[in-house]
Protein chains: 2
Amino acid sequence: MLRIALVCLALLSVSGSIVAAERPVAPNGIAIYPDYMAWKVIAPSYREDKGHIRIITGNEVAVAALRAGRKPLPDGSVLAKVAWKAEKHPSFPAATEPGAFVQVEFMVKDAKKYKATGGWGFARFVGNDLKPYGKDAGFVGECFGCHLPVADNDYLFTRIVKTP
Amino acid sequence: MLRIALVCLALLSVSGSIVAAERPVAPNGIAIYPDYMAWKVIAPSYREDKGHIRIITGNEVAVAALRAGRKPLPDGSVLAKVAWKAEKHPSFPAATEPGAFVQVEFMVKDAKKYKATGGWGFARFVGNDLKPYGKDAGFVGECFGCHLPVADNDYLFTRIVKTP
């Protein structure tokens, strides 16, 4: 019995990723992208008001487009914004670093499917149980409303970092 | 002539990376690792005192060891700390985001070679011309001195972020 359970567990976890069967799904049908921490960095950010420190990563389509300065981003682009509680480093309080995981948010580009919200599908998964945010699909109004001021940047607050 | 110049340029730039011939080298012989932005994220950080926002990335050896909680890190581990000027987002001042590139720093693990400095070789490359920091190899005393308070964490300030 234990052996069967272990085999099931092995089948369910593929190299640390969450498999499709277990992937939390937002009310608008967007499932979590389990590999967001393996994606390339677009930028770090610090939200003083929320006390969050964040990184924004992107899949290959998104990063290639951003590096090339291509906007609007093409269909298939996915960005992840990962937030942790911002904490003072115990040995070096001038440095603020990540504490507990807060949430991960996604923006998924599909110009046709998400036409009503600038071509972007939104999703947020909160806390260590990655609870999907929003009671129903209407939650995206809140996301899109906040992103409206950056409509001229394809609704993205984040700009990709520059390095020499 | 233009054609030859263009061919030379093409030969010198391999998919956006800096090739060996052009790689800046620190006074202790550590050359810049050109792929640091393609490495996985270890953590973001914010330095209030310096007005920097940063990400720390690591090569595969370093990230695998940190995720497994293995310390000291094995030989071959390399960490990069990339700093940008911290700026208020123009459309959303509660968010601090990266502005101009400041520098990239490396810690390179080789327990034997760098025995005098906790097994770590240090290097810093400053500004858009990636100028190597330090007049001579003695500059590492400054780096190591700053990292001494975190000797019990294999001289690393950064701890890898946790996600569910």
Side-chain angles (χ1 to χ4, degrees), chain A residues 16 18 24 32 34 36-50 52-57 63 67 82-84 86 88-101 103-104 125-130 146-153 157-164, chain B residues 16 18 24 32 34 36-50 52-57 63 67 82-84 86 88-101 103-104 125-130 146-153 157-164:
Chain A
I18 305 153
I32 198 166
Y36 64 88
M37 283 301 296
W39 294 349
K40 290 197 181 75
V41 181
I42 295 172
S45 86
Y46 173 58
R47 276 285 294 269
E48 207 176 338
D49 55 335
K50 300 248 182 198
H52 290 173
I53 191 160
R54 302 176 169 189
I55 57 161
I56 297 92
T57 64
V63 169
R67 286 189 180 162
V82 201
W84 294 270
K88 301 278 180 198
H89 193 289
S91 314
F92 200 89
T96 296
E97 54 156 32
F101 174 83
Q103 64 187 22
V104 58
F125 302 93
V126 182
N128 280 319
D129 54 355
L130 297 168
C146 185
H147 282 255
L148 268 176
V150 282
D152 63 351
N153 192 41
F157 284 101
T158 306
R159 291 166 292 190
I160 195 159
V161 288
K162 282 178 186 149
T163 52
Chain B
I18 306 153
I32 198 165
Y36 64 88
M37 283 302 294
W39 294 349
K40 290 196 180 77
V41 181
I42 295 172
S45 86
Y46 173 58
R47 277 284 293 270
E48 207 176 337
D49 55 336
K50 300 249 183 196
H52 290 173
I53 191 160
R54 300 174 170 191
I55 57 160
I56 296 93
T57 63
V63 170
R67 285 188 180 163
V82 200
W84 295 269
K88 302 279 180 197
H89 192 289
S91 314
F92 200 91
T96 296
E97 55 156 30
F101 174 83
Q103 62 186 24
V104 57
F125 302 92
V126 182
N128 279 321
D129 55 355
L130 297 168
C146 186
H147 282 255
L148 268 177
V150 282
D152 62 350
N153 192 41
F157 284 102
T158 305
R159 291 166 293 189
I160 196 160
V161 288
K162 282 179 186 149
T163 52

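All values derive from a computational prediction rather than experimental measurement. Letters A, B, ... mirror the listed sequences (proteins, then strands); counts begin at 1.
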Legend entry - Working for side chain to side chain contact (heavy atoms under 4.5 Å, CB included), residues B/Val150 and A/His89: CA-CA 11 Å; B/Val150 282; A/His89 193 289; 4.2 Å; yes

Legend entry - Heavy-atom pair of closest approach, residues A/Ile53 and B/Tyr46: CD1-N, 3.8 Å

Legend entry - Heavy-atom pair of closest approach, residues A/Gly127 and B/Pro164: O-CG, 3.8 Å

Does any backbone or side-chain atom of [X] lie under 4.5 Å from a heavy atom of chain B? Answer side chain, backbone, both or neither.
{"X": "A/Val41", "result": "both"}
{"X": "A/Phe157", "result": "both"}
{"X": "A/Tyr36", "result": "side chain"}

Legend entry - Spacing of A/Thr163 atom OG1 and B/Phe125 atom CZ [to the nearest 0.5 Å]: 14.0 Å

Legend entry - Euclidean distance, B/Thr96 OG1 relative to A/Arg47 CZ, rounded to 0.5 Å: 10.0 Å

Inset, instruction - Select, from A/Ala100, A/Gly99, A/Ala95, the one with the greatest count of heavy-atom pairs under 4.5 Å involving chain B. - result: A/Ala95

Inset, instruction - Assess whether salt bridge (Lys or Arg N to Asp or Glu O under 4.0 Å) is satisfied between B/Arg54 and A/Glu97, documenting all intermediate values. - result: CA-CA 10 Å; B/Arg54 300 174 170 191; A/Glu97 54 156 32; over 6 Å; no

Legend entry - Which of B/Lys40, B/Arg67, B/Lys162 touches chain A most, by non-hydrogen pairs under 4.5 Å: B/Lys162

Inset, instruction - Select, from B/Cys146, B/Ser45, B/Ala43, the one with the greatest count of heavy-atom pairs under 4.5 Å involving chain A. - result: B/Ser45

Legend entry - Criterion side-chain contact (heavy atoms from CB on, under 4.5 Å) against A/Met37, the qualifying member of B/Ile160, B/Val161, B/Val63: B/Val161

